[in-house]
Amino acid sequence: MAKRVLVVGGVAGGASAAARLRRLDETAEILLFDRGPHVSFANCGLPYYVGDVIRDEGKLLVASRALFRDRFAIDVFTEHEAVEVDRAAKVLRVKDLRTGETRDERYDALVLSPGAAPIRPTAPGIDLPGVFVVRTIPDANRIRAWIQEDKCKTAVVVGGGFIGLEMAENLTFRGLAVTVLEKLPQVMPPIDPEMAATVSTHLRDKGVTLRMGEGFTAIEAVDGRLGVVTDLGNRVDTDLVILALGVRPEVGLARAAGLALGARGGIVVDEHMRSSDPSIYAVGDVIEVRDVVSGQETILPLAGPANRQGRVAAESIAARPTRFRGVQGTAIVEVLGLSVATTGASEKGLRRAGVTDFDVVYLHPGHHAGYYPGAKPIHLKLIFSKTTGKILGAQAVGMDGVDKRIDVIATMIQLGGTVHDLAEAELCYAPQFGAAKDPANIAGMMGENALCGDMPLADWSQVGDTDAMLLDVRDPHEFAAGHIDGAVNIPLPELRRRAAEVPTDRPVWVYCAAGQRAYFAQRMLLQKGVDAHNLSGGFTTWTARVQAGLNGAPKA
């Protein structure tokens, strides 16, 4: 007898599960239900639709009901909400939102992919006209209409994460003056603060007002406009408010059905995407998944993992069991021309988890060969085990080439690669694309040098507390323009001649502008019996740390 498979939720995970199952089983009866008016739409494109980068709503529709019917023989029911699961009878009750009628649908297998809902705190004024979230095409259409009809000139974006910064960018494209309100002391919370500092500087340079360390408590109606009241007692008047505070998994249906939920509030699934009921699968933003670097359970609302989970669920239903390996949080965002990407663990995340067996290197190379016109710096941070060299995570910020380097490192992490593997990776090279030693290779080589003792690393967080000599090997004019307090300047070309000025009875921490000259100096000094350590990334990294408020420095 042919299987009857019901899918709840028709975006990334659910649509992938339905389409994959059809490719594997021509006999299955597949029905897909979604409470919205669209299925398989590109919700990652919504900010760009608001910003008029994407002008045609139809471009956001990856697949239509007709396509599912004609190409895959899948029956799609939009504006139908799943309201109850009777696990004993294997029946899903659905409600037609247009008519209010309910009906029961029998299933042999049920796939839950209801996604996640934008967080809307219970704060005064949260439902005032002009306050929006961004999750669906109708959400985006309402924002577009409000901007046009009210001739908006200003906007406040509450939340400085991925969606918040994408909305800040696109509202700026529309000509609005944008203020970003972020309760944490940095934008882009998934990355480390010194990497986020570059993003903050760029946003301010592009005219975006940042108010970090300041959350909101209420929204008021003020003379036909809106006033966002903050937890510091300030009020920001505006024409438009976007709430970008993150999302919560939509587990109401699963909870009512008695499915097991995890500590983070998502549905618990095994590696085949089965829930605690073997006939019910769950995928996408609604589930808890294993972080392959930390080994901990997490919720990761990203389209790539959701699509893969949908495929795994379909293959399990079709008796072709594959496994979902877990996630590592690979993600990227572009903000007014600046790319920000991450994969694997962050340093702050490792420290919160009590992990100390890791080292960090920073580098700031050009995104392609320096002799070819137009090279732009990439600020790259690589985190790796100090005992095995296994790569744990990476972050990069830059105008070009960021995605390529993080994708290379993400693949290394997936394969359990080490800094040695990264150093040896054979990557494309032509001057307009990279260098003979690609930034990813250089990061691996730096890790190798640290592991084998050729480049002992100093700890940036201890700069203000160390009794080590701080040695600045830049040229005098660079030193005069700015340096770390207490540093001694001996330019690299003079260091051999002046080596006697470097103590051998205490550590020496060496830095330059970005790291290369400091490494050359360190190698020289180590061979002269000096206990030399490298402040990786040099004064460029120090400046970012100052801007981030690290090392006891005031936050810019």
Legend entry - Heavy-atom pair of closest approach, residues Gly10 and Ala15: O-CB, 3.6 Å

Inset, instruction - Scan side-chain atoms only and decide if Thr154 and Arg225 contain a donor-acceptor pair under the 3.5 Å cut-off. - result: yes

Inset, instruction - Indicate yes or no: does Asp239 engage Lys151 in a salt bridge with an N to O separation below 4.0 Å. - result: no

Inset, instruction - Under the side-chain contact (heavy atoms from CB on, under 4.5 Å) rule, what do Leu245 and Phe216 come out as? Steps first, then yes or no, please. - result: CA-CA 11 Å; Leu245 295 166; Phe216 96 106; 4.0 Å; yes

Inset, instruction - Over 60° means perpendicular and under 30° means parallel, so classify the ring planes of Phe41 and His38, tilted if in between. - result: perpendicular

Inset, instruction - Output yes when Glu271 and Arg290 qualify as a salt bridge under the 4.0 Å nitrogen-oxygen rule, no when they do not. - result: no

Legend entry - From Met195 atom CE to Lys381 atom NZ, the distance as rounded to the nearest 0.5 Å: 7.0 Å

Legend entry - Asp291 versus Gln328, side-chain donor and acceptor atoms under 3.5 Å: no

Inset, instruction - Please step through side-chain hydrogen bond (donor to acceptor under 3.5 Å, both in side chains) for the pair Asp277 and Ser275, ending with a clear verdict. - result: CA-CA 5 Å; Asp277 183 322; Ser275 72; 5.5 Å; no

Legend entry - Closest heavy-atom pair and its distance - Ala12, Ala303: CB-O, 4.3 Å

Legend entry - Side chain to side chain, Ile409 and Ile391, heavy atoms closer than 4.5 Å: yes

Legend entry - Side chain Asp231, main chain Gly215, donor-acceptor under 3.5 Å: yes

Legend entry - Side chain proximity check, Glu220 to Arg235, heavy atoms < 4.5 angstrom: yes

Inset, instruction - Run the numbers on Asn141 and Tyr49 for side-chain hydrogen bond (donor to acceptor under 3.5 Å, both in side chains), then give the verdict. - result: CA-CA 9 Å; Asn141 279 325; Tyr49 178 49; 2.6 Å; yes

Inset, instruction - Check for a donor-acceptor pair, side chain of Asp139 on one end and backbone N or O of Thr136 on the other, with a separation under 3.5 Å. - result: yes

Inset, instruction - Answer yes or no: is there a side-chain heavy-atom contact under 4.5 Å between Val228 and Thr238? - result: yes

Legend entry - Donor-acceptor pair between Thr322 and Glu315 side chains, under 3.5 angstrom: yes

Inset, instruction - With rounding to the nearest 0.5 Å, note down the distance linking NZ in Lys390 to CD1 in Ile383. - result: 14.0 Å

Inset, instruction - Enter the distance from Arg35:CZ to Leu97:CG here, rounded to the nearest 0.5 Å. - result: 9.0 Å

Inset, instruction - Check for a donor-acceptor pair, side chain of Ser536 on one end and backbone N or O of Tyr362 on the other, with a separation under 3.5 Å. - result: yes

Legend entry - Minimum side-chain heavy-atom gap Leu6-Phe33 below 4.5 Å: yes

Legend entry - Straight-line distance of Leu92 CG to His80 NE2, nearest 0.5 Å: 11.0 Å

Inset, instruction - Determine the sole option in Ile299, Ile280, Leu261, Leu253 for which the side chain to side chain contact (heavy atoms under 4.5 Å, CB included) test with Ile267 is passed. - result: Leu261

Legend entry - Ion pair Asp407/Arg405, N-O distance below 4.0 Å: no

Inset, instruction - Heavy atoms only: give me the nearest Pro189-Gly161 pair and the separation to one decimal. - result: CD-CA, 4.0 Å

Inset, instruction - Report yes or no: does Arg311 contribute a side-chain atom to a donor-acceptor pair with the main-chain N or O of Ser16 at less than 3.5 Å? - result: no

Inset, instruction - Would you indicate whether the side-chain heavy atoms of Leu243 and Ile119 approach each other to under 4.5 Å? - result: no

Inset, instruction - Apply side-chain contact (heavy atoms from CB on, under 4.5 Å) to Val94 and Val83, showing your working. - result: CA-CA 6 Å; Val94 296; Val83 294; over 6 Å; no

Legend entry - Test: Asp52 and Arg144 ion pair at under 4.0 Å: yes

Legend entry - Closest approach of Asn170 to Pro47 (non-hydrogen atoms, all atoms of both residues): CG-O, 3.0 Å

Inset, instruction - Without swapping roles, check the side chain of Arg274 against the backbone of Tyr281 for a donor-acceptor pair under 3.5 Å. - result: no

Inset, instruction - Apply side-chain contact (heavy atoms from CB on, under 4.5 Å) to Leu422 and Phe384, showing your working. - result: CA-CA 11 Å; Leu422 189 57; Phe384 56 95; over 6 Å; no

Inset, instruction - Report yes or no: does Ser316 contribute a side-chain atom to a donor-acceptor pair with the main-chain N or O of His272 at less than 3.5 Å? - result: yes

Inset, instruction - Hey, could you give me the CD1/CG distance between Ile163 and Leu46, rounded to the nearest 0.5 Å? - result: 8.0 Å

Legend entry - Test applied, side chain to side chain contact (heavy atoms under 4.5 Å, CB included); reference residue, Val340; option that passes from Thr198, Ile332, Ile191: Ile191

Legend entry - Backbone N/O of Val229 and side chain of Thr217: donor-acceptor pair under 3.5 Å: yes

Inset, instruction - Taking atom NZ of Lys404 as the centre, report whether more than 12 heavy atoms of other residues, nucleotides or ligands fall under 6.0 Å from it. - result: yes

Legend entry - Least distance between heavy atoms, Pro190 atom then Phe162 atom: CG-CE1, 3.7 Å

Legend entry - Contact check, side chains of Leu110 and Val85, non-hydrogen atoms, under 4.5 Å: yes

Inset, instruction - Find out whether Leu112 and Leu259 are in side-chain contact, i.e. whether some heavy atom of one side chain is under 4.5 Å from a heavy atom of the other. - result: yes

Legend entry - Test: Asp192 and Lys348 ion pair at under 4.0 Å: no

Inset, instruction - Using a strict cut-off of less than 4.0 Å between a Lys/Arg side-chain nitrogen and an Asp/Glu carboxylate oxygen, indicate whether Glu169 and Lys206 qualify as a salt bridge. - result: no

Legend entry - From CZ (Arg174) to CG (Leu240), nearest 0.5 Å: 10.0 Å

Legend entry - Phe132 six-ring face occupied by Arg142 cation (under 6.0 Å, within 45°): no

Inset, instruction - Check the surroundings of atom CZ in Arg98: do more than 12 heavy atoms from other residues, nucleotides or ligands lie under 6.0 Å from it? - result: yes

Inset, instruction - Output yes when a side-chain donor or acceptor of Gln186 lies under 3.5 Å from a complementary backbone atom of Met188, and no otherwise. - result: yes

Inset, instruction - Decide, yes or no, whether a salt bridge links Glu182 with Arg211 under the criterion of side-chain N to carboxylate O below 4.0 Å. - result: no

Legend entry - Polar side-chain atom of Arg204 near backbone of Thr209 as donor-acceptor pair, under 3.5 Å: no

Legend entry - More than 12 heavy atoms of other groups within 6.0 Å of Asp205 CG: yes

Legend entry - Side-chain touch Ser339/Asp403, heavy atoms, less than 4.5 angstrom: no

Legend entry - Over all atoms of both residues, closest heavy-atom pair of Ile126 and Arg120: O-NH2, 2.8 Å

Inset, instruction - Carefully, step by step, assess Leu336 and Val208 under the rule side-chain contact (heavy atoms from CB on, under 4.5 Å). - result: CA-CA 10 Å; Leu336 297 168; Val208 176; 3.9 Å; yes

Legend entry - Flag, side chain of Glu288 to backbone of Gly265, donor-acceptor distance under 3.5 Å: yes

Inset, instruction - Indicate whether the side chain of Thr342 and that of Gln395 have a donor and an acceptor atom separated by less than 3.5 Å. - result: no

Inset, instruction - In plain terms, say whether Asp285 and Arg135 are close enough for a salt bridge, that is, a side-chain N and a carboxylate O under 4.0 Å apart. - result: yes

